[in-house]
Amino acid sequence: MVRSRDTAFFGHPLGLATLFFTEMWERFSYYGIRALLILYMTAKVSAGGREMTVPAAGAVMAVYLSSVYLLSLPGGWIADRFLGQRKATLIGGIGIAAGNAVLALPIDSFFFPGLVMIALGTGMLKPNISTIVGQLYHPNDARRDGGYTIYYMGINIGALVAPLACGYFAQSESFQGFLRGHGIDPGWCWHFGFATASVGMILGVVQYVVTTRWLGDAGAQPTIPADPRRAARDRYVLAGIVAALVLVGVLFATAGAGADTIVNIFGVGLIILSIALFIGLFQGAHNAGERRRMVAILVLFIGAIAFFGIFEQASTTLSLFAEKYTTRELLGIAIPASYYQSVNSIFIITLAPVFAWLWLFLARHKKEPMSVMKFAIGMALIAVSFIVMLPTLSAVKAGQTSSGIFLIMLYFFSTCSELCISPVGLSSMSKLAPKRLAGMVMGVWFLGAANGNYLAGRAAEFTVSKGYEFLFYALIISALAVAAGLFLVAPVIRRMMSVDDAAPAPVDIPVARVVTE
């Protein structure tokens, strides 16, 4: 019986099914909200929106999207020391479902508290559920990488379906007509979209609770320090974290979109935290060799910020572009702008096997590029993704719309970029990091994603003050500059990464999204 349960889910432990569906529904919730948020905030009040300015809505997106990644750091630590990953995942799922339910209520003052609840819940769930996946396997179990690949397919499925399902209820003319026909204000359609995300997360939580027994001992217990003084110190740190989160959450939930000062302080805080983290990494280095590797990590950190800052335009400036400047019809049927958020996931699922074959083919011929070169190629590809958008600028200037094929082409190249960078980033970090600093270096990737998402949100302001032409060219130049820099430093980083030749080489798995997604 134990053996059959150990191979019951496509040859993997049955507990993987629990985590697969929990993560699928969590990503359904996240990408459903992500597809709607800036469109809802900028929609006119008469259409059920909040009629916020684009810069204000972009600022909210900056803080919200960045917080989702940033809160993974304390969320993982709290689970390690106090709750255990299993309980933390459950608490996070409940928080996300509750936050979406709050957004589903057509009460204006509930909007920001709902976002705070979702961000806090995601920070508790996201890092810990990924950790539990690894704990399902023995340290030398050859199925581990395959298990993560199956698990990450849940991410892709959730990300694919969410914009279509939530977008239908929030934006489709047919559903608005249904509401109107039943005497319901069609402006409430946005809240039905948020409710759809909430229902998805509730389903995820219910199946998680029902099937938790399949996890065995994985993630059940925290790692409490045996030293009473260290345990006491951890409790003081926990109190400080909780106090800080409550303070920031209350300020954001009550101040709202007009709190430019809070948004700016948040950005400064990201810079300070980044500097503090690298000071800690350099101080933790034991010798010159480790310090050189910290330099390499810093280079990749900058690259991660650039990648996420450009890639995450999908949920901000590109959503607005799809809404205002794209002809959204197929066979005479109106297509909601939020549907375009599913294109990336479609390409992920279809292109990932191609990239997996490509890397294996090149490896067999001893021509596979090193991780940093893949990173540089990815940055060049994301520059190309915006180059293909340049022909649409004449239509934007004339206040007209352009074919949706341009956005689809953009998402094709940005997905190729993602498949070069996302699986490679964490493996490069883990290769460069000394074992005793592995946790801090893992935080570098989360922090890079947080910084990038913050910049992606703030970039929305440029579409108003400078226009899309300025934004597209700025993103292209930035991506090419980072790509060129990575190409130049690649030989140096190759030497840094070859210090521990005896260690297993990092495995790049292009069929999966990394933990940060």
Side-chain angles (χ1 to χ4, degrees), residues 15-37 40 64-65 67-69 71-72 75-76 79 83 85-107 110-133 151-170 189-212 214-215 219 249 253 315 338 341-342 345 513 515-517:
L16 185 61
T18 300
L19 305 176
F20 175 94
F21 288 108
T22 304
E23 180 65 4
M24 182 190 75
W25 285 117
E26 187 275 329
R27 289 292 88 179
F28 176 91
S29 168
Y30 175 78
Y31 281 100
I33 295 296
R34 179 178 177 265
L36 304 180
L37 207 51
Y40 165 66
Y64 169 69
L65 295 175
S67 296
V68 166
Y69 291 95
L71 290 172
S72 294
L83 298 175
Q85 285 81 21
R86 188 183 300 184
K87 187 179 295 183
T89 296
L90 176 59
I91 294 172
I94 294 172
I96 294 169
N100 284 323
V102 169
L103 290 183
L105 298 174
I107 301 175
F110 282 8
F111 177 68
F112 290 103
L115 291 183
V116 171
M117 293 169 68
I118 295 172
L120 290 171
T122 306
M124 288 297 290
L125 184 147
K126 190 60 183 167
N128 295 306
I129 192 172
S130 300
T131 301
I132 300 174
V133 174
Y151 164 75
Y152 286 128
M153 288 309 295
I155 293 175
N156 295 318
I157 294 171
L160 168 62
V161 176
L164 301 178
C166 297
Y168 171 78
F169 289 107
C189 60
W190 298 102
H191 300 283
F192 281 92
F194 296 140
T196 304
S198 181
V199 169
M201 192 66 252
I202 290 172
L203 292 174
V205 170
V206 169
Q207 74 83 32
Y208 179 79
V209 172
V210 171
T211 63
T212 293
W214 295 350
L215 298 175
S315 61
S338 53
Q341 296 293 301
S342 288
S345 294
R513 293 175 183 263
V515 68
T516 53
E517 297 194 13

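We're numbering straight along the sequence, starting at 1. Side chains are part of it too, since the values below use all heavy atoms of this structure and drop only hydrogens, waters and symmetry mates.
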Of all heavy-atom pairs between [X] and [Y], which one has the smallest distance, and what is that distance?
{"X": "Leu65", "Y": "Ser315", "answer": "CD1-OG, 3.4 Å"}
{"X": "Ser29", "Y": "Ala197", "answer": "CB-O, 3.8 Å"}
{"X": "Pro127", "Y": "Gly76", "answer": "CG-N, 3.9 Å"}
{"X": "Gln85", "Y": "Asn128", "answer": "CG-OD1, 3.6 Å"}
{"X": "Arg86", "Y": "Tyr208", "answer": "O-OH, 2.8 Å"}
{"X": "Ala88", "Y": "Ala79", "answer": "CB-CB, 3.7 Å"}

For Gly123, is there any backbone N or O sitting under 3.5 Å from a side-chain donor or acceptor partner on Ser72?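 No, the answer is negative, given that no donor and acceptor are paired below the 3.5 Å cut-off.
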
So does Phe192 get a backbone contact from the side chain of Thr196, meaning a donor-acceptor N/O pair under 3.5 Å? yes

Residues forming a salt bridge (charged side-chain N to carboxylate O under 4.0 Å, His left out) with Arg34, sequence neighbours excluded: Glu312

Can you confirm whether Tyr168 is buried at OH, in the sense that more than 12 heavy atoms of other residues, nucleotides or ligands lie under 6.0 Å from that atom?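 Buried by this count: over 12 neighbours within 6.0 Å.
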
Going by the rule side chain to side chain donor-acceptor pair (under 3.5 Å), which residues pair with Thr89 if we only count those two or more places apart in sequence or in a different chain? none

Any chance you could measure Thr122, atom OG1, to Met117, atom CE, to the nearest 0.5 Å?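 That separation rounds to 11.5 Å.
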
Can you tell me how far the CD atom of Glu23 sits from the CG atom of Leu125, to the nearest 0.5 Å?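 That separation rounds to 6.5 Å.
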
Check the pair Val206 / Trp25 against side chain to side chain contact (heavy atoms under 4.5 Å, CB included), numbers first and verdict last. CA-CA 11 Å; Val206 169; Trp25 285 117; over 6 Å; no

Please evaluate residues Ile33 and Tyr64 with respect to the criterion side chain to side chain contact (heavy atoms under 4.5 Å, CB included), reporting the C-alpha separation (whole Å), side-chain torsions for both, the decisive distance (0.1 Å), and the verdict. CA-CA 11 Å; Ile33 295 296; Tyr64 169 69; 4.0 Å; yes

Please report the C-alpha distance between Gln207 and Thr18 in whole Å, then the side-chain angles of each, then the deciding distance to 0.1 Å, and finally whether the side-chain hydrogen bond (donor to acceptor under 3.5 Å, both in side chains) criterion is met. CA-CA 7 Å; Gln207 74 83 32; Thr18 300; 5.0 Å; no

For residues [X] and [Y], determine if any side-chain heavy atom of one lies less than 4.5 Å from a side-chain heavy atom of the other.
{"X": "Phe28", "Y": "Cys166", "value": "yes"}
{"X": "Ile118", "Y": "Asn100", "value": "yes"}
{"X": "Ile96", "Y": "Glu26", "value": "yes"}

Kindly state whether the ring of His191 and the ring of Phe111 have centres lying under 6.0 angstrom apart.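 Judged by ring-centre distance (under 6.0 Å), His191 and Phe111 do not meet the cut-off.
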
List the steps, then state whether side chain to side chain contact (heavy atoms under 4.5 Å, CB included) holds for Met153 with Asn156. CA-CA 5 Å; Met153 288 309 295; Asn156 295 318; 3.5 Å; yes

Could you tell me whether the side chains of Ser342 and Tyr31 share a donor-acceptor contact shorter than 3.5 Å? no

